[in-house]
2 protein chains.
Amino acid sequence: MAIDKEINAEQKIIEAAADIFEEKGFEGARMQQIADKAGINKALLHYYFRSKDLLFEKVFLNIASKIFLKFFKSFNIEGSIFENIETFLQLHQDLLYENRKLPIFFFNEITRNPDLIRKLMLKLEVSNSFQLILKQFEKEKRDGIIRHDVEVSHLLVNIISLSVFPYIGRPIIKEIMEEFDLNYDTFLNERRSMIAQFVINSIKV
Amino acid sequence: MAIDKEINAEQKIIEAAADIFEEKGFEGARMQQIADKAGINKALLHYYFRSKDLLFEKVFLNIASKIFLKFFKSFNIEGSIFENIETFLQLHQDLLYENRKLPIFFFNEITRNPDLIRKLMLKLEVSNSFQLILKQFEKEKRDGIIRHDVEVSHLLVNIISLSVFPYIGRPIIKEIMEEFDLNYDTFLNERRSMIAQFVINSIKV
DNA sequence: ATCTAGTTTAACCAATTGGGCAAAAATAAT
DNA sequence: ATTATTTTTGCCCAATTGGTTAAACTAGAT
């Protein structure tokens, strides 16, 4: 924390804003609250970022870029995706667990303002990265590692759905489970191996 | 529309509020906008519902109840779920397609205010209804219709994940698909049969 | 030491927002 | 027809919010 002292105002703002925006969303976040959390005067927010919109855009693209890069990186593995599916499903789960609040935040904000997606896609090469994954799936289909009748774009969406949705549905899943004395975090943990098995069963030849 | 004339103010407010809240969320919605859409004076909102919070709660529970009831109803089918999985996955997809904006709205609001879930569960018997579905799955497991190593609670979450997530991720899925001249609605349509196949492959004996 | 450029603050502002109130209009009861 | 009750409206209000501004502070250059 001694090193943290040297951090400049601009960076302090970005970090505080990330926390507040992630928790309250764009509409619910207050500039004053961000300033308080950053420990600076509210006017500094405008000095560095002009407006709430611009501050949000900066922070949003920051957060989303980091996660997407880590996600894409997880696919850079020797050997076929099919054979390593358990490995990087574990990586995804780690990523999700460390950023539980991110999914609902991300999807809510891009629904509110779809322009954010376009800006994100310009900053990263989102489409390209997805395309690379799909090509790898296609190759494994041709090589007979994956069933021939599997539609790869659906496979990718399926994997993401199975991983991400339980985090989006957390409040209701948690509440229902607790009614039956079950634990939500245990449930998430079970899914780590379960999702892999579920997917493998559906696509193995 | 001639009959609609007879509709009273209270009902007009509820319908207008549902539209606005669903589109803008609680934080983004404005009481004035709801009044305008309902074609009545803003003070009437408070006359009938006291506050924005109470109006929202009423509307939210209304919307959520309707959908959940329809969802649970879809499981009331003769014969095993496994054998009819295609049938009611179709029903779910119809339900989702008619209410595309609902999922992200619902999950965002219960994340913002988890108390809504508790109130919903008191109004309906959500836990009980889910429990019934799980029991049916268990029975089909014992009867050897479903693989014995399938964990039924995960199966249910998997099915819901595969169905619902593509609607939550709509903005980004749509944007990426359009980059490759593919159509999002077509994609959703393909999933109707695909999800069933994907699930069947994972749980058939 | 003082000048200069960038940084930070306190105080302020206009606009918006949820909400309240008293009068008016409509409806029901006598 | 008149009274009582409910519904609806116009107008107002205090609080909040994003944003501005001018002054004060800081540190490096001369």
Side-chain angles (χ1 to χ4, degrees), chain A residues 2-63 105 108-109 112-113 115-116 119, chain B residues 2-63 105 108-109 112-113 115-116 119:
Chain A
I3 300 169
D4 264 41
K5 241 182 188 172
E6 284 295 317
I7 206 170
N8 61 16
E10 193 170 352
Q11 194 56 32
K12 277 197 290 188
I13 292 172
I14 287 184
E15 284 170 20
D19 282 354
I20 302 288
F21 279 135
E22 237 178 275
E23 187 165 329
K24 307 284 183 91
F26 175 81
E27 297 277 7
R30 298 288 167 251
M31 295 295 267
Q32 186 61 58
Q33 207 179 350
I34 294 172
D36 291 346
K37 183 144 200 167
I40 49 98
N41 187 283
K42 181 166 73 87
L44 263 198
L45 300 182
H46 296 94
Y47 177 76
Y48 283 112
F49 302 95
R50 295 193 66 89
S51 70
K52 188 184 182 185
D53 280 272
L54 287 175
L55 172 59
F56 178 80
E57 188 177 310
K58 177 96 177 181
V59 166
F60 177 87
L61 293 179
N62 250 5
I63 297 175
F105 165 74
N108 190 52
E109 296 303 334
R112 183 184 58 83
N113 177 12
D115 234 39
L116 292 169
K119 282 168 181 160
Chain B
I3 299 167
D4 264 40
K5 241 183 190 173
E6 284 293 318
I7 206 171
N8 61 15
E10 194 170 353
Q11 194 56 31
K12 277 196 290 186
I13 292 172
I14 287 184
E15 284 169 21
D19 282 354
I20 302 288
F21 279 134
E22 239 178 274
E23 187 165 329
K24 307 284 184 95
F26 175 81
E27 297 277 8
R30 299 288 167 250
M31 296 295 267
Q32 186 61 60
Q33 206 178 351
I34 293 172
D36 290 346
K37 183 145 200 167
I40 50 97
N41 188 285
K42 182 166 72 88
L44 262 200
L45 301 182
H46 296 94
Y47 177 76
Y48 282 112
F49 302 95
R50 295 193 68 87
S51 69
K52 188 185 182 185
D53 280 272
L54 287 175
L55 173 59
F56 178 80
E57 188 178 310
K58 177 96 178 180
V59 166
F60 176 87
L61 293 179
N62 249 5
I63 296 175
F105 164 74
N108 190 52
E109 296 303 334
R112 184 182 59 82
N113 178 12
D115 234 40
L116 292 168
K119 283 168 181 160

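Every chain is numbered from 1, with letters handed out A, B, ... down the list of sequences. Only a predicted model underlies this, so the values are computations on that prediction, with no experimental measurement involved.
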Might you point out which heavy atoms bring [X] and [Y] nearest each other, and give the distance in Å?
{"X": "A/I14", "Y": "A/V59", "result": "O-CG2, 4.0 Å"}
{"X": "B/I20", "Y": "B/A29", "result": "CG2-CB, 3.8 Å"}
{"X": "B/H46", "Y": "B/K42", "result": "ND1-O, 3.7 Å"}

Would you kindly give the [atom1]-to-[atom2] distance between [X] and [N], to the nearest whole Å?
{"X": "A/L45", "N": "D/dG18", "atom1": "CG", "atom2": "C1'", "answer": "10 Å"}
{"X": "A/I34", "N": "D/dT16", "atom1": "CD1", "atom2": "P", "answer": "18 Å"}
{"X": "B/K52", "N": "D/dT16", "atom1": "NZ", "atom2": "C1'", "answer": "13 Å"}
{"X": "A/N8", "N": "C/dT7", "atom1": "CG", "atom2": "P", "answer": "9 Å"}
{"X": "B/L44", "N": "D/dT9", "atom1": "CG", "atom2": "P", "answer": "5 Å"}
{"X": "A/K12", "N": "C/dT9", "atom1": "NZ", "atom2": "P", "answer": "8 Å"}
{"X": "A/Q33", "N": "D/dT16", "atom1": "CD", "atom2": "C1'", "answer": "13 Å"}
{"X": "A/Q32", "N": "C/dA11", "atom1": "CD", "atom2": "P", "answer": "13 Å"}

(message) Is the distance from the ring center of B/F56 to that of B/F21 below 6.0 Å?
(response)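 Close enough - the centres of the two rings lie under 6.0 Å apart.
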Presence of [X] side-chain N/O under 4.0 Å of [N] phosphate oxygens OP1/OP2:
{"X": "B/Y47", "N": "D/dT6", "result": "no"}
{"X": "A/R30", "N": "D/dG18", "result": "yes"}
{"X": "B/R50", "N": "C/dG19", "result": "no"}

(request) Look at the side chain of A/E109 and the backbone N and O of A/F26, then say whether any donor-acceptor pair between them is shorter than 3.5 Å. (result)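 Yes, the answer is positive, given that a donor and an acceptor are paired below the 3.5 Å cut-off.
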(message) Using a heavy-atom cut-off of 4.0 Å across all strands, would you classify B/Y48 as base, sugar-phosphate, or nothing?
(response)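 Sugar-phosphate contact only - B/Y48 comes under 4.0 Å of backbone atoms but never of a base.
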(request) Name the nucleic acid region contacted by B/A29, choosing base, sugar-phosphate or nothing; use a 4.0 angstrom heavy-atom cut-off, strictly under. (result)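 Sugar-phosphate contact only.
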(message) Between C/dG19 and B/K42, counting only base atoms on the nucleotide and side-chain atoms on the residue, is there a donor-acceptor pair under 3.5 Å?
(response)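 Present.
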(request) Give the nucleotide from the list D/dG19, C/dG19, C/dT9 with an atom nearest to the side chain of A/H46. (result) D/dG19
(message) Let's see if you can work this out: which of D/dG18, C/dG20, C/dT9 has an atom nearest to the side-chain heavy atoms of A/M31?
(response)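 Of D/dG18, C/dG20, C/dT9, D/dG18 is nearest to the side chain of A/M31.
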